[in-house]
Each structure stands twice: as structure tokens, then as C-alpha cells.
Amino acid sequence: MAQITRYTSDTPPVAPEREATSHQLLRAYAAFVMFSGFAHSAWWNLLGQAGAAVVLALTTAASIAMWVPLIRRHGLRWRRLPWIALAYVAWALVSVLWSSWPGATLLTWTLLAAGTLQGLFFAHVLTWRELLRALDVALKWVMGLSIAIELWVALVLRHPLLPNFVSPPEGFDPHWYWVRGQIFDALIGERIQGIVGNANYLGVLCVLAFIVFAIRLATHPPYAAMQTVWIALTAVLFVRSGSATALGAFAGAFMVLLAVLVMRRARTAGERTRRYMLFAGVGAVGAVFVFSLWDRVLGMLGRDGSLTGRDEIWSTVWERAIMHPVHGNGFSSPWVPWEDAFDGWIVDHGLSVFHAHNMWLDVFFQLGAIGVILVFVAYAAMTWRAWFFAVDRPRWDLDADRPFSPVSMLPPLIVATLLVQGLTESGPIMLWGWTLLVLFSFKMKLAPIVGVGADAPAGDPSR
């Protein structure tokens, strides 16, 4: 029986283009590297200093080996690089000339350079949606393994776990533990640390997970119901981490979310101006409210006026920082505990503190006013681009009514989280915090519209 077909003998049907296996492996590799960045302390606690260094060296070498041939074949848009962030990296290296701890400067600069390279690499080779998926997978591993290790220690091991599985000596301070196994001790207010071994970092990672999981859910992924399960598990970890820093970061990201949604409804420049004035007024009232009720706010968060001893740390760091206010004392992020200048300098629960618990003070201490200016401009540029990346409707022709992509919410919410975290932690200037700054700063310059032009997937005619 004859059949009607739109194909002729000259135009046989062609199977849909399949994604290259190499690109699938690249996405999996990206998720692994991002997981390793988020859970860097887990590698340290599991494999020791040497093992963590091997993981860092292998992933850095692998990224270089994959990126260099791509640059040779397709080139690199050098003008779009995040030059201010790279200037900070260069200034950190130059500080070895006057550093009070040159060995620590070179060692920690290697970490900074590796994180910078990974951020540039993945911003260059992955689309916005692929970055979202890689972050989604990486943070699911962090959340899932945090639940798993807490349950294992509580139900199977039944005693706290030290790094590298060593046995604790007599009179051991519990703050040295990797995991304490207190996941079922909610009634007595005990905090959990998860796989990262730190309740504050676990809490901030939960905020990042909320952002990424929710945006991923908004893109209508397969198995959307499981995405809600991951959000629920993250909520458990977030509450049990008991981190005031994470709670502040969550509040900051939520306020930015509301502001973006309000601004997106503005249809004219006049409406935008009025909304900006509204935001300024609300921000001023909120600042006055927090300042006037500061002690009560801290009490509600279960903290005292010293912010868990941070005021003493800040005053001690300031005394040394002001000795070299222009160029600083020398780069070291984090402060390596075996360096004589840091070993025993500021001690908390028997441990040498490894950062200033404020990223701005930490930069001033290490790289002086010049370093502060570079970091301020880098974060200001990222914030500016992230805001308009989210509030400006995607447009490349006369059509001004295209819908917003959920992925466009990713940069502003993450930069809000980092900036709030930076008030009481130094994470945004080192390790995964710095990598996220470089990644999003570069990606927004390379691909200012999600899924179009430079961000289009391979084989897309709009690429």
C-alpha cells in the first residue's frame, strides 16, 4: 500500500543529532570539580593533606589539558575575561616580594590560581543550563553525603569522627571533630557539620543548594518530584546547621529575589525609577531597624554581642593590618596553621584561626587598600551585571516580550549569598567562593543572554 512521506530518495531521513560522549563526560567532570571545590575540606579530612593536594593537582592539570586545545582551535574572547578579578590574583602573587610569610603566600596563591582557572574554564566551555546542571549535581552530592555521613556516625560508628579516622586523645576538644554524629540531637540544640566538617559552611552551602535546586526545578527537569525531595533534605541540613551566617545569607538572597521579581514587572523607565526609590527607602528603614535592635536580633539568632568572639578576632587582625595599610602584609588565604606567624596567633577552642571572619578585613590585612579596591570593584562589577542579567528581558531583535529564563536568577542570588557571607566569613575570597565569582563574572560577559548566541548549545543555528 502506498504511503505519503515528506522524504524523497534524494533526501533520506536523518537521525537527530546525538550529544557527543566527550561533552557528556565534560559535564560529569565539571560536576566532580565543583563538588571537590564545595567539599574541599572533606578531601582533606578523608585523604589528608597529601591526598587533598593530589586531587587539586589532578583536576587542575586535567582542566588545563582540555582547555588549551579548545583555545587553539576556537580561540578565546580575551576582552571578555574578568580582568579586575585577574588583577587581584596578580596582585596576590606580587605580594610575595614583601610578604611576611612568603612560603604561605606561594602555597595559597596556588590554590587561588587553581580556583581561578577552573572558574574561567567552565564559564568558557559550558552553557548556562549546563552550569546549572553541574552545580545541581555537585550540591546534591554534598547534601546527600552530608546526610549519609551524619547517619553513619550516629547509627553505625556511634561516636564522633576525627579527620583521617584517627582515635581522639584524652581531653579532646569536640570542635576538632569532623562529624559529631548529632543529627538526632535536635531537642538539645546540637549543630551538625555534614561532610564539610563545619556547621557555618554547611549552612551557606545549603543556601546555595536552595537557589540551585529551586531554579533547576523551575526549568521543568525530568523527575521534578525528586527535586522537591532534595529541597526538603537541604532544609533539614540548613536548620540543623544552626548557622546565623547562613540564615543572614538566605534572607539576603530572598530579598534580592523579591526585588528582581518586583523590578521585572516595571514596563517603563519611570516605573523602574520609582521602584529603585522604593528599594532605597525600604533598605534605609531596614538598616535603621537592625541597628537599633541589634542586640535583640542577635539574641533571636542565639548569638551574643561579640558575634561568637568575632569582635576579638577583628580587633586583633586590625592591629596587625594597620601596620601596612597600602600593600598589606602578604597574601595568605587561608592562613596556613603551620606558619609561625599564624600558629597560635588567634586561637579558638584550641585551634589556630585560619581567616579573619570578614572578607574585607582579611583582604585589607593581606593586600592592603589596593587589594580591597580590587575586590570591591570585582564584586561591584559582578553585582551590576548580575542585576541587569536578571531584570532585563532577553532581547536581541525587535521582540521585547520574550519570557525570562529561570537561569537568569542564578547570578544575582549567588552574589547576594556571597556578599552576606563575607560579613562574618572570608569564604568569598578563597576556594569555591572565589571560583564562583570568577565563573559568573566571565560567563555573564561571554553570554549575556541564556541559550542564545555564544550560549547556544552545539549544533544550534543561533549559535
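Residue numbers count from 1 along this sequence.
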Is the shortest distance from a Lys or Arg side-chain nitrogen in R272 or D392 to a carboxylate oxygen in the other one below 4.0 Å? yes
Donor-acceptor pair between W314 and H357 side chains, under 3.5 angstrom: no
What about the rings of F238 and F210, do their centers lie closer together than 6.0 Å? yes
Check: Q366/S333 side-chain N/O donor and acceptor closer than 3.5 Å: yes
Atom CE in M409, atom CD1 in I414: separation rounded to 0.5 Å? 11.0 Å
For W91 and W98, what are the C-alpha separation, side-chain angles and deciding distance, and is it a ring-ring contact (aromatic ring centres under 6.0 Å, His included)? CA-CA 12 Å; W91 181 246; W98 62 80; 5.2 Å; yes
Between N198 and Y201, is there a donor-acceptor pair closer than 3.5 Å when you use the side chain of the first and the backbone of the second? yes
Donor-acceptor pair, distance only, cut-off 3.5 Å: does the side chain of W78 make one with the backbone of L76? yes
Please indicate whether W345 has more than 12 foreign heavy atoms, meaning atoms of other residues, nucleotides or ligands, lying under 6.0 Å from its CH2. yes
Distance-minimising heavy-atom pair for M34 and A138: CB-CB, 3.7 Å
Do M382 and M444 come close enough that some side-chain heavy atom pair is under 4.5 Å? yes
Residue pair L126 / F121, side-chain heavy-atom distance below 4.5 Å: no
Between CD1 of I215 and CG of L135, what distance do you get to the nearest 0.5 Å? 9.5 Å
Reported OG-to-CG distance for the pair S146 and L205, which is rounded to 0.5 angstrom: 8.0 Å
Quick one: which residue pairs count as a side-chain hydrogen bond (donor to acceptor under 3.5 Å, both in side chains) with a foot in residues 43-62, not counting sequence neighbours? S36-W43
Can you find a heavy atom in the side chain of D136 that is under 4.5 Å from one in the side chain of W230? no
When you measure from the side chain of E271 to the backbone N and O of R267, does any donor-acceptor pair fall under 3.5 Å? yes
Pair S63-Q118, side-chain donor/acceptor within less than 3.5 Å: yes
Over all atoms of both residues, closest heavy-atom pair of A416 and V256: CB-CG2, 3.6 Å
M263 atom CE, neighbour heavy-atom count above 12 within 6.0 Å: yes
Distance col, row R216:CZ vs I231:CD1, nearest 0.5 angstrom, shows 12.0 Å
When T105 is tested against each of S100, S332, S99 for side chain to side chain donor-acceptor pair (under 3.5 Å), which residue passes? S99
Partners passing side-chain contact (heavy atoms from CB on, under 4.5 Å) against W318 (at least two apart in sequence or in another chain): I322, L361, F364
Evaluation steps, side-chain contact (heavy atoms from CB on, under 4.5 Å), between V142 and F35: CA-CA 7 Å; V142 174; F35 164 78; 3.6 Å; yes
Within the 3.5 Å criterion, strictly below it, is a donor on T245 or N200 matched to an acceptor on the partner's side chain? no
Taking S352 for its side chain and G344 for its backbone only, find out whether a donor-acceptor pair lies under 3.5 Å. yes
Inspect the surroundings of NE2 in H74 and state if more than 12 heavy atoms from other residues, nucleotides or ligands are less than 6.0 Å away. yes
Should we say atom CZ of F254 is surrounded by more than 12 heavy atoms from elsewhere, each under 6.0 Å from it? no
Decide yes or no on side-chain contact (heavy atoms from CB on, under 4.5 Å) for L419 and M359, but give the supporting numbers first. CA-CA 9 Å; L419 288 175; M359 75 174 191; 4.0 Å; yes
Donor on one side chain, acceptor on other, S408 and R393, under 3.5 Å: no
Looking at side-chain heavy atoms only, is the closest gap between K443 and F122 below 4.5 Å? no
Strictly distance-based, threshold 3.5 Å: is any side-chain N or O of S441 a donor or acceptor partner for the main-chain N or O of V438? no
Donor-acceptor pair, side chain of S426 and main chain of G422, under 3.5 angstrom: no
Cation-pi, W67 ring and R72 (6.0 angstrom, 45 degrees): no
Between G433 and L418, the two heavy atoms sitting closest are O-CD1, 4.0 Å
Could you check whether the rings of F279 and Y276 sit parallel, tilted or perpendicular, using 30° and 60° as the cut-offs? perpendicular
Say whether, by atom type as modelled, one donor and one acceptor occur between the side chain of N358 and the main chain of L423 under 3.5 angstrom. yes
Any donor and acceptor pair, going by atom type alone, linking the side chain of R264 with main-chain N or O of A390 inside 3.5 Å? yes
One should read off an interatomic distance between T234 OG1 and M143 CE, to the nearest 0.5 angstrom, of 5.5 Å
Within the distance-only criterion (no hydrogens, no angle test), does the side chain of R310 pair as donor or acceptor with the backbone N or O of T424 below 3.5 angstrom? yes
State, to 0.1 Å, how close A134 and A30 come at their nearest heavy-atom pair, and which atoms those are. CB-CB, 4.1 Å
Shortest non-hydrogen separation from Q193 to V179 and the atoms involved: OE1-CA, 3.8 Å
Counting C-beta onward and ignoring hydrogens, is there a side-chain heavy-atom pair between P411 and W128 closer than 4.5 Å? yes
L367 side chain near H327 side chain, heavy-atom distance below 4.5 Å: no
For L208 versus T417, what's the shortest heavy-atom pair and its separation? CD2-CG2, 4.0 Å
Would you verify whether the NZ or CZ of R80 falls within 45 degrees of the ring axis of F442 while also being under 6.0 Å from that six-membered ring's centre? no
Is the number of heavy atoms from other residues, nucleotides or ligands under 6.0 Å of F388 CZ greater than 12? yes
Should I429 and L112 be marked as a side-chain contact (heavy atoms from CB on, under 4.5 Å) after you check the CA-CA gap, both sets of side-chain angles, and the distance that decides it? CA-CA 9 Å; I429 60 169; L112 181 72; over 6 Å; no
Sort out for me which residue in W360, W335, F331 forms a ring pair (Phe, Tyr, Trp, His ring centres under 6.0 Å) with F365. W335
Please round to the nearest 0.5 Å and tell me the distance separating atom CD1 of I147 and atom CZ of R240. 9.5 Å
Would you sort out whether F440 and L410 count as a side-chain contact (heavy atoms from CB on, under 4.5 Å), showing the intermediate values? CA-CA 9 Å; F440 287 110; L410 191 60; 3.8 Å; yes
Could you please spell out the steps behind the ring-ring contact (aromatic ring centres under 6.0 Å, His included) verdict for W101 and F342? CA-CA 9 Å; W101 34 79; F342 302 127; 4.6 Å; yes
So do the side chains of V89 and W109 get within less than 4.5 Å of each other, counting heavy atoms only? yes
4.5 Å side-chain heavy-atom contact, M66 and L26: yes
